[in-house]
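Predicted model only: the values in this text are computed from it and were never measured.
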Amino acid sequence: MSMTSWVVLALLAGAGLWAVAVYNRLVELRNRIANAFGQIDVQLKRRYDLIPNLVEVARGYLQHEAATLEAVIQARGQAQGAAATARAAPTNVGAVGALAVAEGVLGSSLGRLMVVAEAYPELKADATMQSLSEELASTENRLGFARQAFNDQALDFNNAAQQFPALIVARLFGFTPAPMLEATRSDEERAAPQVKF
């Protein structure tokens, strides 16, 4: 073999090793996204488990607010379905987007329940309701941190998969951009609340 053949062979071997290293790094980053979603899933399950207890305690006091309680239960069911779909494919933009929408509806329903509960002093004073409300607030905080960790992992993956020359390997092997979880999805949600006295 001539020297040129050896050089070409060495370059091809080096390019092959580089492609394997890039591929393995992208797989690692994609797996980190799945792990980060797993942390979100743990907090979502905790949240979904707390909600029926919260509704049950409130049901005794809020007999005239059945529509609010039913809206919370229905939103919980939809969010659980969306979470199951996203759990199966945490890097799927559609699944994560559907989860974000369902979680937004659930959060809105829970917010209405808490506003209604404020109007009932005996419910507000109920020890079980206070405990469940504190657990839910704690879970919401943990969920916020888990979402941030997910977005950090998605950003790392997207950066690695979109930078040249790793972009070539990412496209060859079908690595698609990972979705980011958004806290707000519309201009109305981003607008500051108007307080009037």
Side-chain angles (χ1 to χ4, degrees), residues 6-51 75-76 78-111 136-193:
W6 283 109
V7 170
V8 169
L9 199 57
L11 287 174
L12 288 175
L17 290 173
W18 169 82
V20 167
V22 168
Y23 178 85
N24 288 340
R25 176 74 175 138
L26 292 172
V27 168
E28 176 188 350
L29 291 171
R30 185 177 56 195
N31 289 341
R32 286 184 181 188
I33 291 171
N35 178 53
F37 186 82
Q39 300 307 313
I40 291 172
D41 198 40
V42 167
Q43 297 310 319
L44 289 176
K45 179 170 181 356
R46 179 183 162 120
R47 180 196 218 191
Y48 299 152
D49 290 346
L50 285 170
I51 290 170
R76 174 187 176 259
Q78 290 173 346
Q80 280 182 307
T85 302
R87 185 179 315 115
T91 59
N92 181 293
V93 175
V96 172
L99 175 61
V101 169
E103 283 295 316
V105 171
L106 178 57
S108 176
S109 297
L110 280 173
L136 191 58
S138 171
T139 300
E140 292 297 330
N141 288 337
R142 292 178 188 175
L143 195 50
F145 289 124
R147 285 181 178 138
Q148 178 62 46
F150 177 88
N151 283 345
D152 290 345
Q153 292 302 321
L155 178 65
D156 288 347
F157 174 81
N158 290 340
N159 286 341
Q162 294 171 358
Q163 292 175 348
F164 187 80
L167 171 71
I168 297 166
V169 174
R171 288 198 178 160
L172 280 174
F173 291 101
F175 287 96
T176 58
M180 301 288 269
L181 288 172
E182 300 174 11
T184 56
R185 302 185 64 79
S186 68
D187 291 336
E188 293 82 29
E189 291 175 312
R190 287 184 179 90

What's the separation between atom [atom1] in [X] and atom [atom2] in [Y], rounded to the nearest 0.5 Å?
X      : Y      : atom1 : atom2 : answer
Leu110 : Glu140 : CG    : CD    : 7.0 Å
Leu155 : Gln148 : CG    : CD    : 9.5 Å
Gln39  : Leu143 : CD    : CG    : 11.5 Å
Ile51  : Arg76  : CD1   : CZ    : 6.5 Å
Tyr48  : Gln80  : OH    : CD    : 6.5 Å

Closest non-hydrogen atom pair between [X] and [Y], with its separation:
X      : Y      : value
Pro90  : Val96  : O-CG2, 3.4 Å
Ala154 : Ala178 : CB-CB, 4.0 Å
Leu29  : Asp156 : CD1-O, 3.9 Å
Ala102 : Ala79  : CB-CA, 3.7 Å
Gln153 : Ala36  : CG-CB, 4.1 Å
Ala89  : Ala95  : O-CB, 4.1 Å

Below 4.5 Å, heavy atoms only, C-beta onward: do [X] and [Y] meet side chain to side chain?
X      : Y      : value
Thr91  : Phe157 : no
Leu106 : Gln78  : no
Ile33  : Phe150 : yes
Arg142 : Arg46  : yes
Leu99  : Phe37  : yes
Phe175 : Arg30  : yes
Asn35  : Asn31  : no

Just do the side-chain hydrogen bond (donor to acceptor under 3.5 Å, both in side chains) check on Gln163 and Asn159 with the steps written out, would you? CA-CA 6 Å; Gln163 292 175 348; Asn159 286 341; 5.1 Å; no

Quick one: does any side-chain atom of [X] pair with a main-chain N or O of [Y] as donor and acceptor, under 3.5 Å?
X      : Y      : answer
Asn158 : Pro177 : no
Ser109 : Val105 : yes
Tyr23  : Phe173 : no

Give a yes or no on whether a salt bridge exists between Lys45 and Asp41, defined as a side-chain N under 4.0 angstrom from a carboxylate O.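 Salt bridge flag = no for Asp41 with Lys45.
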
